[in-house]
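Here is the structure we will look at, set down as structure tokens.
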Amino acid sequence: MAENIHPIFERTVQRTERENVNGHHAGVVWLTGLSGSGKSTIAAAVERELFSAGHFVVLLDGDNVRTGLCGDLGFSLEDRKENIRRIAETAKLFVAAGAQVLCSFVSPTREIRSMAQDIVGADDFYEVFVNTPLEVCEARDVKGLYAKARAGEIKGFTGIDSPYEAPTAPFLDLKTENQTVEASAAEVVAAIKGNLSL
Ligand code: ADP
């Protein structure tokens with residue numbers, strides 16, 4: 001740690017005090033998957049459900065953070081890593097503030113996700129694999145990005161000419177292909193309930 005930095009973590013209102021007031025535990029639900037797999041859609045539905053139940057919930061989403069906090073970063077492996085580092089540090093601050101943080105990011109490699117988990121802390125990190133086959137994501141092509149990547153207009157697109165490494169042991173393996181958004185969101189809420197209830 002830098003010589004002249006003197007953190008005051010122990011003097012702030014503590015996380016457990018905040019959790020008791022909020023009526024739930026804090027934690028990070030990390031949604032990973034291909035572009036178009038459904039991360040943003042599911043995260044928004046889960047956020048709405050938890051918010052309606054009175055939870056302190058925050059959603060950090062790929063394109064949103066790239067308009068501000070990470071607006072200076074591109075999509076090289078190095079920039080993707082820095083993107084995820086900043087997001088994980090931000091999520092950690094929100095956890096200390098007692099929030100349930102939903103993070104929806106492609107986060108394509110095991111190395112990148114394990115860095116996020118190390119920053120947040122394994123006990124507070126719930127990895128959700130939004131497990132949608134590439135063909136389905138490409139057929140959905142919500143943002144028209146797969147067509148551009150196939151045409152060579154976008155280089156280094158995850159799943160096309162940049163790798164996606166599926167999680168080997170996610171907290172939740174969410175298969176969206178034959179499911180409605182509501183059912184997928186309900187599955188996430190049910191899975192985290194046991195861990196994030198007081
Ligand atoms: P990502 O954030 O992973 O890039 P998006 O959420 O932007 O993906 O897009 C996913 C698309 O797939 C949306 O148009 C959504 O309506 C559709 N979709 C169909 N079924 C599901 C499901 N079960 N879960 C999530 N999205 C689904």
Side-chain angles (χ1 to χ4, degrees), residues 28-52 57-71 73-77 79-81 83-84 86-88 90-91 94 100-113 116-117 120 125-151 153-168 170-193:
V28 173
V29 180
W30 191 279
L31 295 99
T32 172
L34 293 167
S35 176
S37 59
K39 301 179 296 299
S40 301
T41 308
I42 294 165
V46 172
E47 181 192 35
R48 178 56 59 189
E49 191 166 333
L50 296 177
F51 180 75
S52 299
V57 61
V58 176
L59 170 53
L60 302 176
D61 186 77
D63 284 356
N64 285 3
V65 301
R66 281 182 181 276
T67 67
L69 178 66
C70 301
L73 301 174
F75 289 89
S76 68
L77 221 47
D79 274 10
R80 283 176 190 257
K81 236 171 128 170
N83 185 45
I84 296 301
R86 290 184 202 174
I87 287 146
T90 305
F94 275 112
Q100 297 181 332
V101 192
L102 304 167
C103 293
S104 59
F105 298 94
V106 176
S107 42
T109 66
R110 292 191 193 103
E111 186 194 349
I112 275 181
R113 293 191 299 270
Q117 176 168 335
V120 168
F125 192 87
Y126 304 95
E127 186 180 63
V128 175
F129 177 25
V130 183
N131 187 352
T132 311
L134 177 64
E135 312 80 73
V136 175
C137 297
E138 197 166 353
R140 288 178 183 165
D141 207 5
V142 203
K143 303 172 193 162
L145 298 178
Y146 284 98
K148 285 188 183 167
R150 290 288 185 198
E153 289 166 30
I154 303 175
K155 300 275 178 229
F157 195 73
T158 305
I160 305 297
D161 56 352
S162 182
Y164 180 80
E165 298 170 359
T168 42
F171 173 75
L172 177 65
D173 186 349
L174 189 60
K175 296 189 171 66
T176 75
E177 196 178 356
N178 299 308
Q179 221 175 36
T180 62
V181 171
E182 294 70 29
S184 295
E187 210 178 316
V188 175
V189 172
I192 60 176
K193 206 170 185 162

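Counting starts at 1 for both ligands and their atoms, in listed order.
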Close-contact set for ligand 1 against Thr41 heavy atoms, below 4.0 Å: 5 (P), 6 (O), 9 (O), 10 (C), 13 (C), 15 (C)
Measure Ser184 to ligand 1 on non-hydrogen atoms and call it side chain, backbone, both or neither using the 4.0 Å cut-off. side chain
Quick note on ligand 1: atoms under 4.0 Å from a heavy atom of Thr180 include exactly 23 (N)
CG/Leu50 to CG/Leu102 distance, rounded to the nearest 0.5 angstrom? 6.5 Å
Within a 6.0 Å radius of atom CZ on Arg48, are there more than 12 heavy atoms belonging to other residues, nucleotides or ligands? no
Go through the steps to decide whether Lys39 and Val128 satisfy the test side chain to side chain contact (heavy atoms under 4.5 Å, CB included), and finish with yes or no. CA-CA 9 Å; Lys39 301 179 296 299; Val128 175; over 6 Å; no
Applying a 4.0 Å heavy-atom criterion (strictly less than), which segment of Asp61 is in contact with ligand 1: side chain, backbone, both, or neither? neither
Closer than 4.0 Å to some heavy atom of Ile42 - which atoms of ligand 1 meet that? 24 (N), 25 (C)
Qualifying residue for side chain to side chain contact (heavy atoms under 4.5 Å, CB included) with Thr176, from Val181, Asn131, Val130: Val130
May I ask whether Leu174 has any heavy atom positioned less than 4.0 angstrom from an atom of ligand 1? no
I need the atoms of ligand 1 closer than 4.0 Å to a non-hydrogen atom of Val181, numbered in the order shown. 21 (C), 22 (C), 23 (N), 24 (N), 25 (C), 26 (N), 27 (C)
Sidechain N-carboxylate O distance under 4.0 Å for Glu165, Arg113: no
Sub-4.0 Å heavy-atom approach of Ser35 to ligand 1: yes
With Trp30, the ring pair (Phe, Tyr, Trp, His ring centres under 6.0 Å) member among Tyr126, Phe105, Phe171: Phe105
For atom 8 (O) of ligand 1, grab the closest protein heavy atom and report residue, atom and distance to one decimal in Å. Gly38 N, 3.1 Å
Is Val142 close to ligand 1, meaning an N/O of one under 3.5 Å from an N/O of the other? no
Would you say Gly33 touches ligand 1, if touching means a heavy atom closer than 4.0 Å? no
With a 3.5 Å distance limit and no angle check, can you tell me whether Arg80 reaches the backbone of Leu73 through a side-chain donor-acceptor pair? no
Give the residue and atom name of whichever protein heavy atom lies nearest to atom 23 (N) of ligand 1, and the separation in Å to one decimal. Gln179 O, 2.8 Å
Side-chain donor/acceptor of Tyr164 to backbone N/O of Ser35, under 3.5 Å: no
Tell me the nearest of Arg140, Lys175, Lys39 to atom 18 (N) of ligand 1, using heavy-atom distances. Arg140
Is there a donor-acceptor contact under 3.5 Å from the side chain of Asp141 to the main chain of Tyr146? yes
If I apply the N/O under 3.5 Å rule, does Gly36 come out as touching ligand 1? yes
Are the side chains of Thr109 and Lys81 in touch, meaning some heavy atoms are under 4.5 Å apart? no
Which ligand 1 atoms, with their elements, are less than 4.0 angstrom from a heavy-atom of Leu34? 3 (O)
